[in-house]
Colleague: 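Pasting in a structure now, in structure tokens, and then I'll have a few things to ask.
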Amino acid sequence: MKKSNQEAADKITFKNLRRLYFFALWTIAITIILSQVLVQYNLKQQLSDSKIINISGKQRMLSQKIVKEILILHYVSDTVPTKQISHLKSVLELWKTTQNALENGSDSLAFPKEKSETLRQLYADINPIFSSITGDTDLFLLNLKNKRNPADNQKLVQNILKNEGAFLSKMNKIVSQYDIEAHEKVTEQRKIEYWIFAFTLFVLLMEFFFIFKPTNKKIEKLIAKLLTSEKKALKLAYDTEIISEIKENSVKELKSLNYAMENTLLYCRIAPDGSIIYIGEKFAKLLNYTKFSSHKTFSQVLTTDEKEQLNMDRLISEKQRSGWQGEMNIINKEGQNIWLDLSMVPVTIKKEKSELLIICFNITERKKAQREVERLNIENSTEKINQQKIISSRIVENQENEQNRIAKEIHDGIGQMLTGLKFSLESINLDDKEKSAQKIDYLKKLSLDIIKGVRTATFNLMPPELSDHGIVSSLSKLTQELSKLTGKEILFYNKTDFSQRLDSLIEINIYRLTQEAINNAIKYAESSHIIVQLSHSQTLLSIIVDDNGKGFDITAVDKKRNSESGMGLLFMKERVQYINGRVFIKSIPGEGTRITFNIPI
């Protein structure tokens with residue numbers, strides 16, 4: 001009756017543990033799902049906020065572009081170019097549409113209609129200024145279309161310039177307010193994530209104390225009961241012939257279990273004093289345990305190293321009640337190092353008698369693999385660090401060379417011409433009109449040379465074509481300028497009529513990559529004809545630089561990373577990777593080289 005009550009209590013206990021376990025799993029799953037939902041929602045909000053901030057920033061750029069176009073049409077252009085007026089109208093329309101979407105919301109652009117009171121007030125403050133600029137611009141364009149007297153537009157231009165500064169100031173406040181509100185959202189989300197994380201840790205802690213720990217105790221008791229039942233069965237088998245058949249069946253089952261354990265597990269049973277009660281066959285083979293070793297303790301059989309023996313004896317003495325688990329490095333009789341994942345489980349046989357069940361796993365191969373991985377990681381890290389040092393030093397060297405080249409150009413070219421201009425101005429004698437006229441003509445020519453020199457220097461630093469008109473126009477200008485300067489035939493083809501503007505960082509990197517490829521063809525390949533081809537698809541922009549130079553062995557250059565040519569190719573690869581692109585280099589000695597840049601758009 002007592003045994004039946006105990007079994008019923010055990011069933012209830014396991015049933016409660018199972019319920020708690022499922023409850024904990026569901027709680028963790030719900031918290032993880034909730035956390036992911038909040039994270040995704042927050043990411044979506046952040047993307048929307050970043051897009052709004054970006055568009056708000058572009059509004060300032062568009063307003064400046066409109067003012068620039070108006071000034072050019074009013075003060076610079078002698079005629080009224082239809083193309084430039086059309087471009088101004090399109091920019092103005094885009095400016096109006098975007099401002100309306102920012103202020104009133106837009107489903108297509110995913111701009112929210114609801115705004116904070118601060119943003120409403122800021123948009124209310126900027127709206128009169130915006131309306132004034134758009135109205136004056138429309139009237140300005142109407143006057144140009146009707147070809148009225150330019151003096152009629154003078155007041156409109158002055159009013160637009162006056163409102164432009166106020167618009168930029170107000171727009172800066174709007175962008176700053178968007179940034180503050182986005183930061184507040186992120187801070188709030190971070191607090192919620194911390195609470196969810198704390199709750200998940202609390203659930204895991206409760207699961208450990210109320211599920212895993214009680215389950216571990218139940219398993220220990222179950223192992224003790226199984227060992228006790230085994231001894232009782234062996235004793236009863238000698239007392240009666242009736243139980244012999246049951247014993248035989250039990251022995252067969254135990255043999256099957258023992259065979260499985262002997263051939264799969266490294267295990268043994270030891271006494272609290274360290275003496276071996278039983279050792280598995282597979283474990284005995286690993287440790288070379290024989291009958292002649294039966295007088296030795298477990299630590300003496302486990303390893304030949306005295307320090308490890310003392311450490312094992314100490315663990316058995318200290319952990320015989322609480323158990324222990326960890327990794328251990330042993331040395332067998334052949335002097336081989338063996339790594340074991342060893343677990344020491346205390347087992348109570350009787351009230352005052354206990355044993356230790358030792359279960360091991362041979363992890364030597366895993367340790368070897370870990371050490372090999374660590375070695376390879378160290379080698380790769382060292383190589384990358386050395387390579388990065390070389391790249392950094394070359395970048396600094398190139399920067400110094402470029403600065404020296406620009407300084408020399410200014411000193412030797414522009415500086416000398418300015419000095420000549422100064423002396424020529426000082427030497428003009430207004431009394432001698434004929435010589436004065438000759439010197440003035442000479443000064444005009446010298447001034448043009450100085451302007452050309454300044455333009456060449458600024459072009460090498462940052463071509464204005466790139467920021468004003470985009471990559472296609474800047475590459476066309478680059479090939480024309482280099483062709484004039486070097487006397488070589490350098491041609492540019494826009495095969496697919498690409499006219500899209502890209503991010504400024506991507507455009508400047510594409511420009512520098514193409515410039516580097518052309519300069520390499522001129523400097524190293526000694527080519528006379530260079531062709532630059534640009535084409536694109538929906539997702540990819542491709543630039544191909546072909547030359548008819550002497551070519552080179554790509555494998556040999558890759559091995560000589562410290563050489564100037566090898567570092568040049570490495571810089572190109574590093575730069576194109578910076579914008580998520582790829583570079584392909586094909587060169588045949590004596591025939592020429594083709595370099596292809598593929599950049600996602």
Colleague: Taking it one step at a time, do Gln121 and Glu117 satisfy side-chain hydrogen bond (donor to acceptor under 3.5 Å, both in side chains)?
Modeller: CA-CA 6 Å; Gln121 185 60 42; Glu117 186 61 32; over 6 Å; no
Colleague: Under 3.5 Å, is there a donor-acceptor pair between the side chain of Ser542 and the main chain of Ser535?
Modeller: no
Colleague: Tell me, with the steps shown, if Ile531 and Phe492 meet side-chain contact (heavy atoms from CB on, under 4.5 Å).
Modeller: CA-CA 6 Å; Ile531 298 177; Phe492 172 73; over 6 Å; no
Colleague: Going by heavy atoms in the side chains, are Met171 and Ile126 under 4.5 Å from each other?
Modeller: yes
Colleague: Quick one: side chains of residues 577-585, donor-acceptor pairs under 3.5 Å with protein atoms, not counting sequence neighbours, listed by atom name and distance.
Modeller:
none

Colleague: Is Glu507 reaching over with its side chain to a backbone N or O of Leu502, donor-acceptor style, under 3.5 angstrom?
Modeller: yes
Colleague: What residues form a salt bridge (charged side-chain N to carboxylate O under 4.0 Å, His left out) with Asp136, not counting sequence neighbours?
Modeller: none
Colleague: Does Ser474 use its side chain to pair, donor to acceptor, with the backbone of Ile471 at less than 3.5 Å?
Modeller: yes
Colleague: For a side-chain contact (heavy atoms from CB on, under 4.5 Å) check, start with the C-alpha distance between Tyr178 and Lys173, then their side-chain angles and the critical distance, and finish with the verdict.
Modeller: CA-CA 9 Å; Tyr178 274 124; Lys173 292 182 181 180; over 6 Å; no
Colleague: Taking C-beta and beyond as the side chain, do Asn519 and Tyr524 meet within less than 4.5 Å on heavy atoms?
Modeller: no
Colleague: Side chain of Asn509, backbone of Leu505: donor and acceptor closer than 3.5 Å?
Modeller: yes
Colleague: Hey, does the side chain of Asn548 reach the backbone of His529 with a donor-acceptor pair shorter than 3.5 angstrom?
Modeller: yes
Colleague: Is there a side-chain contact between Lys477 and Glu481, using heavy atoms and a 4.5 Å cut-off?
Modeller: yes
Colleague: Between Thr98 and Trp95, is there a donor-acceptor pair closer than 3.5 Å when you use the side chain of the first and the backbone of the second?
Modeller: no
Colleague: Ser527 side chain to Ala521 main-chain N or O, any donor-acceptor pair under 3.5 Å?
Modeller: yes
